[in-house]
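All values derive from a computational prediction rather than experimental measurement. Every chain is numbered from 1 and lettered A, B, ... according to where its sequence line falls, protein lines coming before strand lines. These values consider heavy atoms only, across backbone and side chains, with no hydrogens, waters or symmetry-generated copies.
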Amino acid sequence: MVCVLVLAAAVGAVAVVLLFRLWVVLRPQDVTPRASLNLLVVAGSGGHTTEILRLVGSLSSAYSPRHYVIADTDEMSANKINSFELDQANRDYNTMCTQYSIHRIPRSREVQQSWLSTVFTTLHSMWLSFPLVHRVKPDLVLCNGPGTCIPICISALLLGILGVKKVIIVYVESICRVETLSMSGKILFHLSDHFIVQWPTLKEKYPKSVYLGRIV
Amino acid sequence: MKCLFVTVGTTSFDDLIACVSAHDSLQIIKSLGYNRLILQIGRGTVVPEPFSTESFTLDVYRYKESLKEDLQKADLVISHAGAGSCLETLEKGKPLVVVINEKLMNNHQLELARQLHKEGHLFYCTCSTLPGLLQSMDLSTLKCYPPGQPEKFSAFLDKVVGLQK
């Protein structure tokens with residue numbers, strides 16, 4: 001009986017510590033000046049990849065090295081990323097070759113997959129995402145909504161919670177989302193450092209979001 | 001040569017492909033003056049038989065490295081409501097009809113189609129209303145689409161990560 005109580009108290013204490021750490025990590029932080037940034041980009045199927053590459057294409061060469069994470073079944077995104085990086089390298093003779101790499105994790109959710117089974121497949125993706133994010137230790141995670149981004153962002157948060165590294169999480173809601181947020185958006189609205197929307201209706205509904213107009 | 005390009009991006013949209021390649025639709029398309037129809041069918045399971053006659057050609061394929069060429073030669077584009085397909089088409093200044101896939105969960109794509117239609121950049125419909133729309137629409141009423149500004153994103157990001165010069 002006493003053992004059960006002690007165990008319950010221990011679990012409770014751990015939960016309190018983790019929640020406190022989460023609160024510390026999510027608080028607005030001072031901006032640290034820096035010269036370059038290790039960037040992790042989550043690419044999803046179809047339009048998600050197109051949109052995110054437009055955003056990455058606008059960034060300076062200070063955002064290097066670039067680590068792209070894609071679902072293991074998504075060869076199309078791998079091709080798009082390779083073409084994109086090749087174009088960037090050809091265009092910018094002055095800078096040294098920007099390093100980039102493509103990492104694959106299991107897909108969290110297939111299109112039209114039930115939400116209940118998604119919980120299990122997402123946990124499976126987490127199992128592989130965390131070691132990846134821990135190894136890369138990005139300064140910044142950039143994503144725009146495919147299910148693949150949830151385990152990655154949670155892993156990035158965990159790095160902060162465990163005191164390993166504070167990772168800045170920037171989420172850009174897809175241009176498709178005019179009036180409502182995606183499921184990933186609803187989750188990451190509370191867990192990201194900067195949440196960007198592309199239509200004024202969403203800015204009105206979510207005043208804490210950032211609205212810069214249409215950026216893709 | 002007047003060309004109609006139908007694209008479903010990386011998705012599967014059997015209803016649209018079946019609708020557009022049905023005999024009645026082909027008659028309407030021909031009557032509107034088109035003599036070439038290109039179907040990009042993505043992951044779809046409906047695969048119409050391509051053919052070529054003196055007056056009309058039907059091409060069918062799943063994917064291409066880039067749709068730039070086919071978009072360039074199109075006089076009208078019929079597309080699913082995916083962001084990539086819509087933006088690429090509008091940025092090329094091509095008239096666009098978006099067909100909503102009613103079988104998609106939540107159907108979030110409808111929001112984008114509706115908004116861009118409100119701004120006068122495209123027409124939208126469902127598979128069942130497509131033939132009617134093709135016959136009644138006036139493409140000259142469509143407005144030019146101003147491109148997005150990713151530089152605003154990079155300026156914002158540089159500031160918040162501490163890279164500002």
Side-chain angles (χ1 to χ4, degrees), chain A residues 29-37 39 45-51 53-60 62-63 74 76-77 79-80 83 111-115 139-140 142 144-145 168 170 172 174-183 193-194 196 198-199 201-202 210-216, chain B residues 7-13 42-43 62-68 79-88 90-91 98 100-101 103-119 121 145-165:
Chain A
Q29 318 257 331
D30 284 332
V31 176
T32 324
R34 56 180 110 213
S36 75
L37 208 61
L39 172 63
S45 34
H48 285 291
T49 297
T50 304
E51 286 193 52
L53 288 180
R54 286 184 183 206
L55 293 176
V56 176
S58 72
L59 300 176
S60 73
Y63 292 83
D74 189 2
M76 205 154 307
S77 286
N79 293 336
K80 277 189 188 165
S83 301
V111 174
Q112 302 197 10
Q113 181 182 334
S114 82
W115 291 114
D139 296 305
L140 171 66
L142 177 62
N144 70 351
I168 305 173
V170 174
V172 181
S174 165
I175 196 167
C176 284
R177 293 297 181 162
V178 181
E179 289 161 30
T180 61
L181 291 185
S182 59
M183 180 59 77
D193 293 289
H194 305 283
I196 300 172
Q198 301 194 56
W199 297 98
T201 324
L202 282 177
V210 174
Y211 173 64
L212 304 166
R214 265 192 296 110
I215 52 176
V216 298
Chain B
T7 171
V8 304
T10 57
T11 70
S12 154
F13 195 174
R43 283 190 289 121
R62 288 194 179 277
Y63 304 105
K64 267 188 191 167
E65 188 67 31
S66 159
L67 298 181
K68 245 190 285 194
S79 168
H80 77 133
S85 303
C86 290
L87 295 182
E88 264 196 86
L90 289 174
E91 284 161 3
V98 164
I100 307 297
N101 188 344
K103 292 193 173 142
L104 278 182
M105 195 186 271
N106 299 329
N107 215 343
H108 65 271
Q109 293 180 338
L110 177 59
E111 288 180 24
L112 181 64
R114 235 190 346 230
Q115 179 68 24
L116 292 175
H117 172 71
K118 216 161 74 178
E119 296 182 358
H121 301 304
Y145 174 79
Q149 297 172 286
E151 58 276 10
K152 291 196 170 160
F153 169 72
S154 58
F156 168 78
L157 198 63
D158 284 351
K159 195 172 67 180
V160 301
V161 301
L163 275 176
Q164 203 167 33
K165 296 164 199 80

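Between A/Ser58 and B/Pro150, the shortest heavy-atom contact is OG-O, 3.4 Å. Closest approach of A/Ile175 and B/Leu112 over heavy atoms only: O-CD1, 3.5 Å. Contact detail for B/Lys159 and A/Val31: the closest heavy-atom pair is O-CG1, 3.8 Å.
A/Ile168 touches chain B through its side chain: at least one heavy atom from C-beta onward sits under 4.5 Å away, while N, CA, C and O do not. At a 4.5 Å heavy-atom cutoff, the contact between A/Glu179 and chain B is made by backbone and side-chain atoms alike. Contact annotation for A/Thr49: neither backbone nor side-chain heavy atoms come within less than 4.5 Å of a heavy atom of chain B. Neither the backbone nor the side chain of A/Val56 comes within contact range of chain B, judged by heavy atoms closer than 4.5 Å. Both the backbone and the side chain of B/Gln149 come within contact range of chain A, judged by heavy atoms closer than 4.5 Å. Both the backbone and the side chain of A/Val216 have a heavy atom closer than 4.5 Å to some heavy atom of chain B.
Most heavy-atom pairs under 4.5 Å with chain A: of the set B/Pro146, B/Ala155, B/Gly42, B/Pro147, this distinction falls to B/Pro146.
Distance check: A/Leu212 CG to B/Phe153 CZ gives 8.5 Å after rounding to the nearest 0.5 Å. In this structure, CD in B/Glu111 is found 7.5 Å from CG in A/Leu202, a value given to the nearest 0.5 Å.
In this structure, A/Tyr63 and B/Leu163 have side chains that are in contact, with non-hydrogen atoms separated by less than 4.5 Å. Within the 4.5 Å cutoff, the side chain of B/Leu157 has heavy atoms near those of the A/Leu140 side chain.
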Any chance you could lay out the salt bridge (charged side-chain N to carboxylate O under 4.0 Å, His left out) test for A/Arg214 and B/Glu151, step after step, and finish with the verdict? CA-CA 10 Å; A/Arg214 265 192 296 110; B/Glu151 58 276 10; over 6 Å; no
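In the model, B/Tyr63 has no side-chain atom that pairs as donor or acceptor with a side-chain atom of A/Asn79 under 3.5 Å.
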